[in-house]
Amino acid sequence: MTEAFLAGLIAGYGVAIPVGAIAVLILGLSARTSFRVGAAAALGVATADGLYAAVAALGGAALAAVIAPVAGPLRAVAALVLLAIATLTAWRALRPRPADGARGGGRGLDKPGRAFAGVLALTLLNPATVVYFAALVLGRGDTADPDPGATALFVLGAFVASASWQLLIAGGGTVVGRALAGPRGRLLTALASSAIIAALALTTLLAA
């Protein structure tokens, strides 16, 4: 049982640690808003990773074969959504703010609930994650007669690993936000985040 949990932890860190557009999005959200928003987005990623780990553990090779043909189109959709988020973030940072603009942050992903749902949906648009987990499950030889307890611990390990790493990123964004607390700092943070997300999205789009 412990072995299954550790396998899930390793698998979760393996898919979470490489920095991509979603990680930059979480970092930027925390820097511009609050740790609560960044943490909600981080848990959205972890929930998606946990769901994909569960699906892979239960579906194995058959599921990976079904998903593989649509992986490219789904990556393209995710890249286009990320480009839209990058554009909206830059536009909102550059436009003149009204006098009560500080109270108008409820749009987009600037609220915990919206950040969780939006980033969860974005992460679910990356089917390569379930193929990755399926390959690991197949390598462990658990697909013939999966043990429910071991499967649950594998999924829990993947969720814990993803959540801990994404929350670390959210915390880093909060530190950056405090260091750049003024209007100029938040503008620079938003523009830098938008540029990086757009560049990573374009890379994903070209590879799709």
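The structure displayed is predicted, hence computed values, not measured ones.
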Hey, could you give me the [atom1]/[atom2] distance between [X] and [Y], rounded to the nearest 0.5 Å?
{"X": "L43", "Y": "Q166", "atom1": "CG", "atom2": "CD", "value": "9.5 Å"}
{"X": "E3", "Y": "L153", "atom1": "CD", "atom2": "CG", "value": "11.5 Å"}
{"X": "L156", "Y": "L9", "atom1": "CG", "atom2": "CG", "value": "8.0 Å"}
{"X": "L51", "Y": "F159", "atom1": "CG", "atom2": "CZ", "value": "9.5 Å"}
{"X": "L109", "Y": "L29", "atom1": "CG", "atom2": "CG", "value": "5.5 Å"}
{"X": "Y52", "Y": "T123", "atom1": "OH", "atom2": "OG1", "value": "9.0 Å"}

ask   = Any donor-acceptor pair under 3.5 Å linking the side chain of S164 with the backbone of V160?
value =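 The answer is yes, because a donor-acceptor pair under 3.5 Å joins these two groups.
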
task = For S34 and S30, indicate whether the former's side chain and the latter's backbone hold a donor-acceptor pair under 3.5 Å.
result =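 Answer holds: no.
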
request  = Taking the side chain as every heavy atom from C-beta outward, state whether I22 and V119 have any pair of such atoms under 4.5 Å apart.
outcome  =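 Yes; the side chains approach each other to less than 4.5 Å.
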
Minimum heavy-atom separation for [X] and [Y], please, with both atom names.
{"X": "A40", "Y": "P112", "answer": "CB-O, 3.2 Å"}
{"X": "V37", "Y": "D110", "answer": "CG2-O, 3.6 Å"}
{"X": "S162", "Y": "D49", "answer": "OG-OD2, 2.7 Å"}
{"X": "A170", "Y": "A39", "answer": "CB-N, 3.9 Å"}

key: CA sep, side-chain torsions, deciding dist, call: W165, Y13, side chain to side chain contact (heavy atoms under 4.5 Å, CB included)   = CA-CA 7 Å; W165 182 256; Y13 281 123; 4.3 Å; yes

request  = Apply side-chain hydrogen bond (donor to acceptor under 3.5 Å, both in side chains) to T87 and list each qualifying residue two or more places apart in sequence or on a separate chain.
outcome  =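 Checked T87 against side-chain hydrogen bond (donor to acceptor under 3.5 Å, both in side chains); zero matches.
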
